[in-house]
Amino acid sequence: MFSMKFKKPGGVRDFLPESTRIKRDIENKIYRIFSTWGYQEVLTPSFEYLETFLMGNSFEFGEKIFKFFDRRGRVLALRPDMTTPIARLVSNHYENVEFPLKLCYFSNVFRFEDHRGGRQNEMFQAGAELIGWNEIDADAEIITLAIKSLQEAGIKNFKVNIGHTGFWEGILKSERTSEKEKDALKSSLLNKDFVTLKEIIKNLSINKHNKALLLDITKLHGGIDVLNEAEKVSENEISKKAIRELKRLAEILAYYGVEEYITFDLGLMRDLDYYTGMIFEGYTPGLGHPVCGGGRYDNLIEKFNGVKPATGFMINIDGVLKVLERIQCKNEASKDILIVYNENSVGEGVEKALDYRNRGYTTDIISEKQMGKLSDEIKNIYKKIIRV
Amino acid sequence: MLTVALSKGRILDETVDLFERCGINCENIRNDNRKLIITNPEEGMKFILAKPFDVPTYVEHGVADLGVVGKDILLEQEKDVYELLDLGLGYCRLVVAGPRGKKGYPRHLKIATKFPRAAEKYYLEKGVEVEVIKLHGSVELAPLLGLSDKIVDIVSTGNTLRQNNLIELETISEITARLIANRVSFRLKGESINKLVEILEKNLEGNKKDDKNN
């Protein structure tokens, strides 16, 4: 039997140098984009009170959260996402500051997932939040920023799907459906369980037009024509407003020159409950789940007593890493210089090593004795070996 | 290219029949049963033959774009996959069964099953507390030997139950095979997936009409 020393809990992993280097590289590139777009990095605690995380999310979401107690028996939890702590941070610290406020983060988050199904319980995310700007223009900035970040990180082939919570909420609100029916509809739409969806819709007492619309909502997927089509069939004001917003969004995204990455998808749903407007998800071939996602969440900060509209997104760093590792699986030479010293030349060796390091070269230093133990494979990592 | 994970066993033949009726050539699936990956370049399709319980896993991770799997397994696993279509194949029911003559719930109910999550969920919604015992097969043994009070299992003809003096008490759900999709493939390969769904839908509707006419 293995000793406990070698065991790790399920759903967490070690990052060895090869992966860590690529991960750091991805984050550096994304950070550069974030900061040139004016986003400032923040950190929040790894754990907070459980209530904080339940704010704005469904009760069931609580089951996915890692919890423990503090000394006075209060329930603490590891953060399951970063948007909620940032909403809390904004209402704590930014009461009288001029908006918009632009924040970004690079953090790990924790969720109980079925790790035997190959999912991780600790996930790395990078994200940006644009707070205090309620126009669709802000959403356009966020979507473009997501696209630019993915490009910069090295993901070439991807699509961003954009939807709007207002479209289907408008349909539901225009009818007298019960909360229970609404929840059932939402969950079958979210899981794209079309079989159940059809059954629920059949039994709903809503008008024929809306029935057909809900049944076909997932077919409203494609380019800008989809918005024109949706505009024609929308009868209620909330849905119409959602479509008007998306049309304006498409206009601005064209100015940013990112149309080729965009598709509209009015059946899109996100699995967090706090979204109140535009929502989006990014997909790339070879990754079974979204590589990025986000949307507008105008009520979340309000729940913490701040009154601010906000929009934002996160990039799934583990996902980007997985895609890139497949492309650049070979460990490229990553060190510049190896200095080898003998019994009499330690001083000279150290001096040289410091000098090279000061000049920005990646430098290792080693004694002649140790050098004898090195394999050729390791020696080949260095561009230059200097004996002193 | 669409990669489709098919469930080996009970529903494989019916699935292949359906696909062939839709004009998709599946001959090589029937012929070489030992092969696990069968590529069909003319149709732009690749088939994976997997254990039914693993089909949702392949699809969730996106190594297969689509899958054909029984609703019983979807109920049990709650995977993050899209359920596109009821294929109407492999009809059976997920039921509660128990020994003849016993009625009502004892205070501490023990349930043996291959589907622990589905069983727990069913009783939770009824507001009945149960202890679930997970078995891997021949679940009918459990009440006969006194390991459990009842079982939750799949029933098609009911023969196995009858032979072991068990009777069907409650139906939890009707089970048929479903077409499932990976959530990313559903967007990135939407066009070819929708085409396939439409062909299947037409064929299934045609079949229903035939049934009525007969």
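In what follows, chains are A, B, ... by sequence order, proteins preceding strands, each numbered from 1. It should be emphasised that the depicted structure is a prediction, and the values quoted were computed from it without experimental measurement. Keep in mind that the numbers below use all heavy atoms, side chains included, and drop hydrogens, waters and symmetry copies.
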Handout entry: Options B:N194, B:N182, B:V81, ranked by heavy-atom pairs under 4.5 Å with chain A, top entry
Key = B:N182
Problem - Candidate pair A:T263 and B:R187, rule side chain to side chain contact (heavy atoms under 4.5 Å, CB included), full reasoning - result: CA-CA 9 Å; A:T263 46; B:R187 314 286 181 192; over 6 Å; no
Handout entry: Proximal component of A:L287, with respect to chain B [non-hydrogen, under 4.5 Å]
Key = backbone
Completion exercise
Cut-off 4.5 Å, heavy atoms of chain B, and the answer for A:D193 is both
Exercise for the section: Look at A:E281 together with B:R183 and state whether they make a salt bridge at an N to O cut-off of under 4.0 Å. Expected result: yes
Whether over 12 other heavy atoms sit under 6.0 Å from [X] [atom1]:
X	atom1	value
B:K202	NZ	no
A:F313	CZ	yes
B:K46	NZ	no
B:K121	NZ	no
A:K148	NZ	no
B:K114	NZ	no
B:K134	NZ	yes

Handout entry: Residue B:L188 versus chain A: region with a heavy atom under 4.5 Å
Key = side chain
Handout entry: Side chain / backbone / both / neither for B:K189 at chain A, heavy atoms under 4.5 Å
Key = neither
Exercise for the section: Any chance you could measure A:D265, atom CG, to B:F186, atom CZ, to the nearest 0.5 Å? Expected result: 7.5 Å
Practice task
Measure the spacing between CD of B:E201 and CZ of A:F194 and express it to the nearest 0.5 Å.
Solution key: 10.0 Å
Problem - Side-chain donor/acceptor of B:D86 to backbone N/O of A:V195, under 3.5 Å - result: no
Practice task
Would you mind reporting whether A:S188 and B:E83 have side-chain heavy atoms less than 4.5 Å apart?
Solution key: no
